Amino acid sequence: MSKDKQKKKIYKPKPISGFPEWLPEYRVVEQQWMDKIRAVFESYGYCSIETPSVEELEVIAAKGEDVDKEIYVLERLQADSNDKKDARLALHFDQTVPFARYVGQHFNELTFPFKRYQMQRVWRGERPQLGRAREFYQCDIDVINVDSLPIHFDAEVAAICYEAMDAMDIGRVQLRISNRKILMGLLAHIEIEDSVGVTRIIDKIEKIGSEEVARILKDDLNIPSDQIQEVLTLVQTKDIPSIKALNDEMQEGIDELSFVLNNLKHLPDHAIVADLSIVRGLDYYTGTVYETRLLDIPEFTSSVCSGGRYDDLASNYINKKLPGVGISIGFTRLFEVLHHYNHIKAGKKSPADILMVLPSEKQRALASDTARTLRNRGFKVEMYHAPQKIGKQFSYAEKKNIQYVWIPPFEEGNAHEVKNLDSKTQTEADPNDWTIS
RNA sequence: GCGGCUGUAGCUCAGCUGGUAGAGCUCUCGGUUGUGGUCCGAGUGGUCGCGGGUUCAAACCCCGUCAGUCGCCCCA
């Protein structure tokens, strides 16, 4: 062994911005949350599917040029010069598009209405910020049907997502619900052409205020003042039944939204609110739209759970009309934001219930047998890795948040003992009938 | 992709108007014989983001570059 001073070249590890990872004590919480979401989704009979991380670029890019710049494409480091260009693969940037493709592809094998959930990572090449990553988990739940889909599903998916978030102990959340037909109906009635442009500005009303919205609509889009007033008045109305429909589209939107709200009456008061300023950009949404706020973290104003209804998302892939409605829980966003504001209590660093002390090499077989007995009885038991000083073994248990330290007899004929590190009590114990008290 | 701010130990940071690096926490070991969190002691750990320039001398000044971060666009 030479004592050379020359150091090994170390590549200094650093986090990759936008690609979050967690220490064990937070990862365990992340998994618990996912389990809870899954349990709630399944309690309503939604099944799980998983699609590949990649889709053909053509499938993904179908959504429009605006998202193009956010798409990561997959490429081998040394691509052959004769690789086909038209079969490029790209990482999916949401789960709705892959879902639509999936339904189109497996149409004949699925039972409709098809209700599924999907909890996977998605990738977007954006500038990362708090609550905005480049690789993140979404928990999508959608229902899709042939020809038409009953409106009560619009209420059901909202109720499911509320229940799922409520199960995670993340404080109060509020779903804000709107129906695009109401605003679009008005815009059509007053003959505003650029509905996409208008809705995009309206979407910012809470962030920049109604005066600023009015100014932009006037200065940038040349909308007449009286029309702006009409739009702003509508968008700030909280009392849906009081709205006067100016055409069929508006009436339809009002009816649908009222129905959805009525079907969510069983939820707590703060949980659901109508908000006509929610329009969700220029998406494929055609009716109900949702956003969700964390009421206990007012500093964070972005939505943590959004979605809506779409008329025929899969029409690109199959010659059928397949309307659907769905919501996506922004899992990583939720987790990151709550972690940032210290709303997440760290979990245990180890899943083990018990640390089995290894008194000496001679007692390894005994310790190992005892551990096996306890495992067979359902306990999670970690064997200490070396016959080191007992103090060291205790401090290891302490550091890993393992509550019980099991001490096998140091000498034959003596009793086993267990110490509870929380209560500091130590008692004799039999591995065949000991229980956590 | 565009604009503001920031890059010193694993983490949080100090380092005065340029004189070749420090603290706290973490981590490792020790404070004797079979018992953890506290306390005490010691130790490991830094091409001062990277490259160039000015200077006798640069963590500090200048230029460039990269990265991070906040805001915008957009969105979960």
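Chain identifiers are assigned alphabetically (A, B, ...) following the order of the sequence lines, protein sequences preceding nucleic acid strands; residue numbering begins at 1 within each chain. This one's a predicted model, so the numbers in the text were calculated from it and none came from an experiment.
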Could you walk me through whether A/Tyr137 and A/Glu30 pass the side chain to side chain donor-acceptor pair (under 3.5 Å) check? CA-CA 11 Å; A/Tyr137 277 103; A/Glu30 192 178 32; over 6 Å; no
Only pairs with both distances under 3.5 Å count, Watson-Crick or wobble alike; so what is the partner of [N] in this structure?
| N | answer |
| --- | --- |
| B/G37 | none |
| B/U12 | B/A23 |
| B/U44 | none |
| B/A67 | B/U6 |

On a whole-Å scale, what distance lies between the P atoms belonging to B/G68 and B/G49? 16 Å
Can you tell me, in whole Å, how much space there is between the C1' of B/G7 and that of B/A59? 11 Å
Does [X] put a side-chain nitrogen or oxygen below 4.0 Å from OP1 or OP2 of [N]?
| X | N | value |
| --- | --- | --- |
| A/Arg127 | B/C70 | no |
| A/Lys399 | B/U28 | yes |
| A/Lys392 | B/G34 | no |

Can you tell which of B/C75, B/C72, B/G68 lies closest to the side chain of A/Gln129? B/C72
Between B/U35, B/G37, B/G34, which nucleotide gets closest to the side-chain atoms of A/Asn414? B/G34
Single hit among A/Leu294, A/Ile160, A/Thr292 for side-chain contact (heavy atoms from CB on, under 4.5 Å) with A/Met165: A/Thr292
Determine whether the side chains of A/Gln129 and A/Arg127 contain a donor N or O and an acceptor N or O closer than 3.5 Å. no
Distance only, no hydrogens: is a donor on one side chain within 3.5 Å (strictly under) of an acceptor on the other, for A/Tyr102 and A/Gln118? no
Assign each of A/Glu411 and A/Arg134 to its nearest nucleotide of RNA chain B by heavy atoms, then name whichever residue's nucleotide is nearer the 5' end. A/Glu411
Pairwise 5' ranking along RNA chain B for A/Asn420 and A/Val304, keeping only the more 5' one: A/Asn420
May I ask you to say whether A/Glu55 pairs ionically with A/Arg88, meaning some side-chain N is under 4.0 Å from a carboxylate O? no
Short N-O contact, A/Arg200 and A/Asp203, less than 4.0 angstrom: no
Should the side chain of [X] and the base of [N] be counted as holding a donor-acceptor pair, with the cut-off at 3.5 Å?
| X | N | answer |
| --- | --- | --- |
| A/Arg132 | B/C74 | yes |
| A/Lys389 | B/G30 | no |
| A/Gln426 | B/U35 | yes |

Pairs under 3.5 Å (N/O, protein and nucleotides 24-26 of chain B):
none

Selection residues 419-432 of chain A - residue pairs positive for salt bridge (Lys or Arg N to Asp or Glu O under 4.0 Å), sequence neighbours left out: none
Measure the distance from CZ on A/Phe394 to C1' on B/G37 and round it to the nearest whole Å. 12 Å
